[in-house]
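Quantities reported herein were computed from a predicted structural model and do not represent experimental measurements.
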Amino acid sequence: MTTSKLIGKLLKFKGFRCVGLAFRRGNRLDVLIKPFKNGCRYPDCGRRGTIVRQRPEPRYWRDIPVGPWSIWLMYWPREIHCVTHGRVKIVGQ
């Protein structure tokens with residue numbers, strides 16, 4: 001089992017996967033995440049769209065601490081093109 005799969009199972013990820021880890025000072029673990037597929041889903045219709053661009057700066061969410069480690073999820077929001085709704089920014093998926 002790879003480290004990324006182990007982190008995903010320990011933190012019970014659903015709909016996305018771990019693609020990188022970074023240990024920081026002060027018992028902080030940054031986990032880089034991304035969706036399973038190449039395209040993102042539009043939240044209202046659920047259709048998968050093509051990625052138009054990715055934002056230059058990541059967003060961080062603090063997760064539940066595991067032991068002494070503070071877990072931070074890191075994700076770059078993407079802008080997708082939905083066939084039904086046109087060009088839409090997706091923040092959390």
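Among residues two or more places apart in sequence or in another chain, the ring pair (Phe, Tyr, Trp, His ring centres under 6.0 Å) test is passed with Trp69 by Phe23. Residues passing the ring pair (Phe, Tyr, Trp, His ring centres under 6.0 Å) test with Tyr60, sequence neighbours excluded: none. Looking at residues two or more places apart in sequence or on another chain, you find a side-chain contact (heavy atoms from CB on, under 4.5 Å) between Leu32 and Val19, Met74, Trp76.
Nearest approach of Cys18 to Val31, heavy atoms of both residues: SG-CG1, 3.7 Å.
Counting heavy atoms from C-beta outward, Arg24 and Asp30 have side chains that approach closer than 4.5 Å.
Note: Trp72 CH2 to Arg62 CZ = 5.5 Å, rounded to the nearest 0.5 Å. Rounding to the nearest 0.5 Å gives a distance of 10.5 Å between CZ of Arg28 and CD1 of Ile71.
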